[in-house]
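Down below is the structure, laid out as structure tokens.
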Amino acid sequence: MARVQHLRRQKGLLTTQGKQRWWRHWREPYLLALSISWPQFLGLLALVYLGINLLFAGLYRLDPGGLAGTADGRASFAEAFFFSVQTLGSIGYGALHPVSLFTNLLVTAEAFSGVLFIALSTGLAFARFSRSSARIRFSRLAVVHPYNGTPTLSFRLANERGNHILEARVRAFLAVDETSQEGHRMRRLRALPLERDQGIAFLLLWTAQHRIDAASPLHGLTLDDLNGLNAELVVAFSGVDETIERPVHSRWSWPVEQIGYGLCFQDMVETEGNLHRIDWSAFDRTRPCPLRP
């Protein structure tokens, strides 16, 4: 039977800005360990650690007399459990110790399991710490307004870390539903060329613009047309973080409801004499900029 993957869909949009559901990666432990949050990751490690100790405690109970130093000569489950904790962590207080062949073999297996568990958990923690991420802020709205006499689609990006992102690149696409002559329905991505889609370094602010001319996929489309196509503006950002010298990526999307026709962004640069200052509170502010009929 073919496996069907159900996609979260709102008003026909397949692209979402929320975090993906982590349990989708349960078949790939490494991807799962990197996709969950830190509290979930630490909780998962604690569950695995507890499970290993419970497993070996049960195995030690198969030979209760195999542990010397117990209170009554036969290891209780609590004594077996805490002996397992000491063995797995290579603590070895010495109060309890194996005396039978079966228990010594279990100790050997658990010591090897402890080495693997520590190595894997350390590697996963390092992979999470070393993973690069971009803190790119996108404007709440994308706007369409006249610019040099041509309708122009604009949106803003900001580098919240304030360090240089080298070889920065922004790509924009219009995602629409398309039905072929044969009745096949597909989701299409149509490229929206930007006036400036790359830069040597991205430090603070970037206003990306796409001219809606005769060659633009948005040419001649009204808001009603975009709603009928389940349209969505999708943006991908990539670059190299100068500090950690690793690639960073980010993406965002605006549904039709978040595309403001006849609006433009307010200026964020304030001038006081020879001093220029960026007003970050105006990042999402817009003002009316009527389109020509």
Side-chain angles (χ1 to χ4, degrees), residues 7-18 134 136-160 168-180 185-199 202 204-238 249-270 278-293:
L7 299 179
R8 184 180 179 185
R9 188 178 181 92
Q10 293 182 341
K11 295 185 179 180
L13 305 183
L14 297 182
T15 304
T16 60
Q17 294 146 357
I136 303 298
R137 177 182 174 185
F138 295 85
S139 56
R140 185 177 59 87
L141 296 176
V143 297
V144 178
H145 59 90
Y147 188 81
N148 289 333
T150 302
T152 301
L153 171 72
S154 300
F155 54 89
R156 277 176 170 169
L157 304 84
N159 181 6
E160 293 187 324
R169 185 182 182 189
V170 179
R171 292 176 294 168
F173 300 88
L174 180 68
V176 295
D177 286 345
E178 179 180 284
T179 304
S180 68
R185 189 176 180 182
M186 302 186 69
R187 191 70 170 166
R188 293 292 190 184
L189 287 178
R190 299 176 179 173
L192 300 176
L194 301 176
E195 290 290 291
R196 183 172 67 91
D197 62 357
Q198 56 187 336
F202 176 36
L204 295 175
L205 184 67
W206 189 337
T207 300
Q209 295 181 317
H210 165 72
R211 292 169 59 87
I212 307 178
D213 52 21
S216 170
L218 288 169
H219 182 70
L221 296 181
T222 64
L223 279 176
D224 291 336
D225 296 330
L226 293 176
N227 272 306
L229 294 170
N230 288 322
E232 180 180 21
L233 174 61
V234 183
V235 171
F237 172 87
S238 61
H249 308 272
S250 187
R251 62 180 175 87
W252 197 255
S253 63
W254 294 267
V256 177
E257 295 81 3
Q258 295 178 350
I259 301 177
Y261 273 71
L263 298 175
C264 57
F265 291 112
Q266 287 190 4
D267 193 359
M268 294 178 59
V269 179
E270 297 180 350
I278 296 179
D279 181 13
W280 288 104
S281 64
F283 182 78
D284 289 313
R285 290 179 190 168
T286 59
R287 57 182 176 85
C289 293
L291 293 166
R292 293 180 180 178

Verdict with reasoning, Val235 to Trp254, per side chain to side chain contact (heavy atoms under 4.5 Å, CB included): CA-CA 9 Å; Val235 171; Trp254 294 267; 3.3 Å; yes

Which residues share a side-chain contact (heavy atoms from CB on, under 4.5 Å) with Thr179, sequence neighbours left out: Arg185

Flag for Asp213-Ser216: side-chain donor and acceptor within less than 3.5 Å: no

Nearest heavy-atom neighbours spanning Val234 and Ala175: CG2-CB, 4.1 Å

Distance-minimising heavy-atom pair for Ala158 and Phe283: CB-CE1, 3.6 Å

Closest heavy-atom pair and its distance - Gly199, Trp206: N-CH2, 4.0 Å

Salt bridge (charged side-chain N to carboxylate O under 4.0 Å, His left out) involving Glu178 - partner list, sequence neighbours excluded: Arg188, Arg190

Approximate separation, where rounding is to 0.5 Å, of His249 NE2 and Arg169 CZ: 12.0 Å

Shortest non-hydrogen contact between Leu263 and Pro288, atoms and distance: CD2-CA, 4.1 Å

Give the table of side-chain donor-acceptor pairs shorter than 3.5 Å for residues 142-150, with sequence neighbours excluded, one pair per line with atom names and distance.
from   : atom 1 : to     : atom 2 : distance (Å)
His145 : NE2    : Ser154 : OG     : 3.0
Thr150 : OG1    : Arg211 : NH2    : 3.1

Pair Leu174-Leu189, side chain to side chain contact (heavy atoms under 4.5 Å, CB included): steps then yes or no: CA-CA 6 Å; Leu174 180 68; Leu189 287 178; over 6 Å; no

Short N-O contact, Arg187 and Asp177, less than 4.0 angstrom: yes

Option among Phe202, Phe155, Trp252 that satisfies the ring-ring contact (aromatic ring centres under 6.0 Å, His included) test with Phe237: Phe202

Close side-chain approach of Tyr261 and Leu226, heavy atoms under 4.5 Å: yes

With Asp284 via salt bridge (charged side-chain N to carboxylate O under 4.0 Å, His left out) - residues at least two apart: Arg137

Contact summary for Leu223 and Ile259, nearest pair of heavy atoms: CD2-O, 4.2 Å

With Ala282 via side-chain contact (heavy atoms from CB on, under 4.5 Å) - residues at least two apart: Met268, Asp279, Arg285

Exam field: side chain Asn227 to backbone Asp224, donor-acceptor pair closer than 3.5 Å: no

From CA spacing to verdict: side chain to side chain contact (heavy atoms under 4.5 Å, CB included), Leu204, Ile278: CA-CA 9 Å; Leu204 295 175; Ile278 296 179; 3.8 Å; yes

side-chain contact (heavy atoms from CB on, under 4.5 Å) against Leu229, all qualifying residues, sequence neighbours excluded: Val176, Leu221

Minimum heavy-atom distance between Pro151 and Leu291, given as atom pair plus value: CB-CD2, 4.3 Å

Side-chain touch Leu153/Leu192, heavy atoms, less than 4.5 angstrom: yes

Approximate separation, where rounding is to 0.5 Å, of Arg287 CZ and Cys264 SG: 3.5 Å

Chi angles and distances behind the side-chain hydrogen bond (donor to acceptor under 3.5 Å, both in side chains) call for Thr152, His210: CA-CA 6 Å; Thr152 301; His210 165 72; over 6 Å; no

From OG (Ser238) to CD1 (Ile136), nearest 0.5 Å: 10.0 Å

Verdict with supporting geometry, Phe265 and Arg156, side chain to side chain contact (heavy atoms under 4.5 Å, CB included): CA-CA 9 Å; Phe265 291 112; Arg156 277 176 170 169; 3.4 Å; yes

